[in-house]
Amino acid sequence: MPELPNSLEDAIAQSREATKAALADGYTRIQVDLLFPELKFMPVAEQFLPLLTEYGSGLKVFFADAGAAALARRDWTDAAFQILDIGTGRVASIQSKIQPEDEIFLFISPTAVEVPQLEKICEIIGDRPVIFLNPRLEDAGAVGIGYTARQTRQRFLSTIESSYYLRPVDDETAVFRAYPEQWGIWVDNESGWTKIAELPKKPSGDDIDLILMKGQPQTSGTDGTPVKKPSVFKSLQRFIKALSS
């Protein structure tokens, strides 16, 4: 059973293994989330890509916009795969991006704005596997609040299986899932990081609040004040900032 990672490298390695397991079990739309606000998507993508190198030119990598795709083509000069942007919503433009010889697709940090295009692209892709790496598809403000927009988003998101999810709620609470395990809520207490709840589905904010309201013991110092311990997430955030600088 996976434990919380101690570094960003550990987290990405775990995400590769979890995604590999989901692919082996036949899932064709898979999502990987490492939810840290300071995280840059390119270093994460570079460390995640070894999972897919066996596909060679059968892999196709998409970025949300043409600028990011151009930067990737500039930096990944030895890539055996093609790098594209999601592009506009024109059907002809989208169809030209998907070829019969393509085997697997990686979408790097697409946003809620691209949901309509993503849905069209995935319809063309069909049953071939698609991986969404650190997407931001649930930004309600970007999609809009209209009924049609909500329906489109929900219809599309409901087809995606989460293979890996790591989100710090705060320095002492985390939501973690690594396929095929269930979703877990973890807290940092006197015995270290402990999983206090396991759920079959992604917990909502209310779910987390209710579980935490049951109360967690704290370690106190000699004067009765709580003793703060180093947090795995503070370490991860320091690692991320160093990587991004």
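Keep in mind that this is a model prediction, so the values were computed, not measured. The first residue of the sequence shown is numbered 1, and numbering continues consecutively from there.
Leu137 is listed as a side-chain neighbour of Phe156, based on a closest heavy-atom distance under 4.5 Å. Contact check for Ile104 versus Leu59: side-chain heavy atoms found under the 4.5 Å cut-off. At a threshold of 4.5 Å between non-hydrogen side-chain atoms, the residues Leu35 and Val175 do not count as touching. Looking at heavy atoms from C-beta onward, Leu4 lies in side-chain contact with Leu166 at the 4.5 angstrom threshold. Looking at Ile125 and Thr28, their side chains never come closer than 4.5 Å, going by heavy atoms from C-beta outward. In this structure, Pro135 and Phe107 have side chains that are not in contact, with every pair of non-hydrogen atoms separated by 4.5 Å or more. Using a 4.5 Å heavy-atom cutoff, the side chains of Leu157 and Ile160 are in contact. Looking at heavy atoms from C-beta onward, Glu172 lies out of side-chain contact with Val187 at the 4.5 angstrom threshold.
Hydrophobic clustering of Ile, Leu, Val, Met, Phe, Trp and Tyr side chains at less than 4.5 Å, counting indirect connections, keeps Leu71 apart from Phe41.
Ring orientation note: the planes of Trp186 and Phe176 are nearly perpendicular, at an angle over 60° on the 30°/60° scale.
Considering all non-hydrogen atoms of both residues, Asp102 and Lys97 come closest at OD2-O, 4.0 Å. Here the closest non-hydrogen pair linking Gln117 and Gly87 is NE2-O, 3.4 Å. Taking both residues in full, the closest heavy atoms of Thr173 and Trp193 are given as N-CH2, 3.8 Å, listed atom of the first, atom of the second, then distance. Here the closest heavy-atom approach between residue Asp10 and residue Asn6 is recorded as OD2-N, 3.6 Å. Considering every non-hydrogen atom in both Pro110 and Leu118, the closest pair reads CB-CD1, 3.8 Å. Considering all non-hydrogen atoms of both residues, Ala45 and Leu133 come closest at CA-CD2, 3.7 Å.
Atoms CG and CG, from Asp207 and Leu212 in turn, are 10.5 Å apart once rounded to the nearest 0.5 Å. Taking CG of Leu210 as the reference point, atom CE of Met213 lies at 6.0 Å (rounded to 0.5 Å). Between the OH atom of Tyr55 and the CG atom of Leu106 there is a distance of 11.5 Å, given to the nearest 0.5 Å. Atom CG of residue Leu84 and atom CZ of residue Phe105 lie 10.0 Å apart, to the nearest 0.5 angstrom. Rounding to the nearest 0.5 Å places CD of Glu17 at 11.5 Å from OH of Tyr164. For the atom pair CD (Glu161) and CG (Leu23), the distance works out to 11.0 Å, reported to the nearest 0.5 Å.
The backbone N or O of Ser109 sits nowhere less than 3.5 Å from a side-chain atom of Asn134 that would complete a donor-acceptor pair. Of the possible polar contacts, one joining the Glu114 side chain to the Thr111 backbone as a donor-acceptor pair under 3.5 Å is found. With hydrogens and angles ignored, the 3.5 Å screen pairs no side-chain donor or acceptor of Gln31 with any backbone N or O of Tyr165. A donor-acceptor contact shorter than 3.5 Å links the side chain of Gln99 to the backbone of Ser96. A donor-acceptor contact shorter than 3.5 Å is absent between the side chain of Arg16 and the backbone of Lys20. Lys120 places no side-chain N or O within 3.5 Å of a backbone atom of Gln95 that could act as its donor or acceptor partner. In terms of modelled atom types and a separation under 3.5 Å, the side chain of Arg73 and the main chain of Ile83 share a donor-acceptor contact.
Applying side chain to side chain donor-acceptor pair (under 3.5 Å) to Ser163 and the options Asp25, Asp33, Thr19 leaves one that passes, Thr19.
Ion pairing of Glu101 with Arg128 is absent here, as no side-chain N (NZ or NE/NH1/NH2) approaches a carboxylate O to less than 4.0 Å.
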Ile185 and Val169: CA distance, side-chain angles, deciding distance, side-chain contact (heavy atoms from CB on, under 4.5 Å) verdict
CA-CA 10 Å; Ile185 297 175; Val169 178; over 6 Å; no

Should Cys122 and Arg29 be marked as a side-chain contact (heavy atoms from CB on, under 4.5 Å) after you check the CA-CA gap, both sets of side-chain angles, and the distance that decides it?
CA-CA 9 Å; Cys122 286; Arg29 294 185 184 179; 3.3 Å; yes

Between Leu52 and Phe81, is a side-chain contact (heavy atoms from CB on, under 4.5 Å) present by the stated rule, with each step listed?
CA-CA 10 Å; Leu52 306 173; Phe81 48 85; over 6 Å; no

Hey, mind stepping through Gln47 and Glu9 against side-chain contact (heavy atoms from CB on, under 4.5 Å) and telling me if it holds?
CA-CA 8 Å; Gln47 293 185 52; Glu9 287 181 332; 3.4 Å; yes

